[in-house]
Amino acid sequence: LSCRMELHSRSAQRVAEALAAHPAVARVHYPGLPTHPGHEIARRQMSAFGGMLSFQPRGGREAALAVVGRVKLFTRATSLGGVESLIEHRASSEGPSSTAPQDLLRVSIGLEDAEDLIEDLDQALADR
């Protein structure tokens, strides 16, 4: 488990950094990024920042749904901590009473190569 968590965290950091630099992404939520409001506290309390992150592509709900529809390596599912990388449109998963932003995508990074995941997200974001 410790080796798996190390890879989840390392890959999530790389994915979060790539998304933060992507012109089609408005916001990335990951405590490993210095721009995250809780980064300093997380840095003091954690040895790594975990395998979960969320992001908001530019273009609202329709853009977010399009990204989810175009990924090839990510499985569209609601779960946490599996070995496969997952992506979900949070508001759709929660239903009509959801308070999640309509453009929020939640990602659980699995054990796939981080560069492959970044390329997959890049192509999904570019095809808009």
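Please read all numbers here as calculations on a predicted model, not as lab measurements.
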For a side-chain contact (heavy atoms from CB on, under 4.5 Å) check, start with the C-alpha distance between Leu105 and His89, then their side-chain angles and the critical distance, and finish with the verdict. CA-CA 5 Å; Leu105 298 177; His89 178 251; 4.0 Å; yes

I'd like to check Arg106 versus Thr78 (side-chain heavy atoms, cut-off strictly below 4.5 Å). Are they in contact? yes

Point-to-point distance, once rounded to the nearest 0.5 Å, from OG of Ser108 to CD of Glu88: 9.5 Å

Once salt bridge (charged side-chain N to carboxylate O under 4.0 Å, His left out) is applied, do any residues pair with Glu94, and if so which ones, sequence neighbours excluded? Arg90

Note: Val25 and Arg58 closest approach over all heavy atoms is O-NH2, 3.5 Å

Under a plain distance cut-off of 3.5 Å, with no hydrogens placed, do Thr75 and Glu84 share a side-chain donor-acceptor pair? no

Could you pull out all residues at least two apart from Arg14 that satisfy salt bridge (charged side-chain N to carboxylate O under 4.0 Å, His left out)? Glu115

Side chains of Gln13 and Glu17: any donor to acceptor distance under 3.5 Å? yes

When you measure from the side chain of Gln102 to the backbone of Ala64, do you find a donor-acceptor pair of N or O atoms at a distance under 3.5 Å? no

Which atoms form the tightest heavy-atom contact between Ser98 and Ala91, and what is the distance? OG-CA, 3.5 Å

Consider only side-chain heavy atoms of I, L, V, M, F, W and Y, link residues closer than 4.5 Å, and tell whether Val28 and Leu104 are in one cluster. no

Over all atoms of both residues, closest heavy-atom pair of Ala124 and Val71: CB-CG1, 3.8 Å

CD1-OG distance between Ile109 and Ser11, expressed to the nearest 0.5 angstrom: 7.0 Å

Checking Arg10 now: which residues fulfil salt bridge (charged side-chain N to carboxylate O under 4.0 Å, His left out) with it, not counting sequence neighbours? Glu6

Could you grab the distance from atom CD of Glu112 to atom CG of Leu7, nearest 0.5 Å is fine? 9.0 Å

Looking only at heavy atoms, which two atoms of Gly51 and Ala12 are closest? And how far apart? CA-CB, 3.7 Å

Would a 4.5 Å heavy-atom cut-off, applied to side chains only, mark Met52 and Pro31 as touching? no

Separation between CG of Asp120 and CZ of Arg70, rounded to the nearest 0.5 Å: 11.0 Å

Should Ser93 and Arg76 be marked as a side-chain contact (heavy atoms from CB on, under 4.5 Å) after you check the CA-CA gap, both sets of side-chain angles, and the distance that decides it? CA-CA 10 Å; Ser93 297; Arg76 289 172 291 282; over 6 Å; no

Say whether Leu53 and Leu73 are linked into one hydrophobic cluster, either directly or through other cluster members, by side-chain heavy-atom distances under 4.5 angstrom. yes

Assigning hydrophobic clusters by single linkage (Ile, Leu, Val, Met, Phe, Trp, Tyr; side-chain heavy-atom cutoff under 4.5 Å), is Val107 placed with Leu65? no

Side-chain contact test, heavy atoms from C-beta onward, threshold under 4.5 Å: evaluate it for Arg27 versus Asp103 and give yes or no. no

Can you tell if the side chain of Tyr30 reaches within under 4.5 Å of the side chain of Val15, non-hydrogen atoms only? no

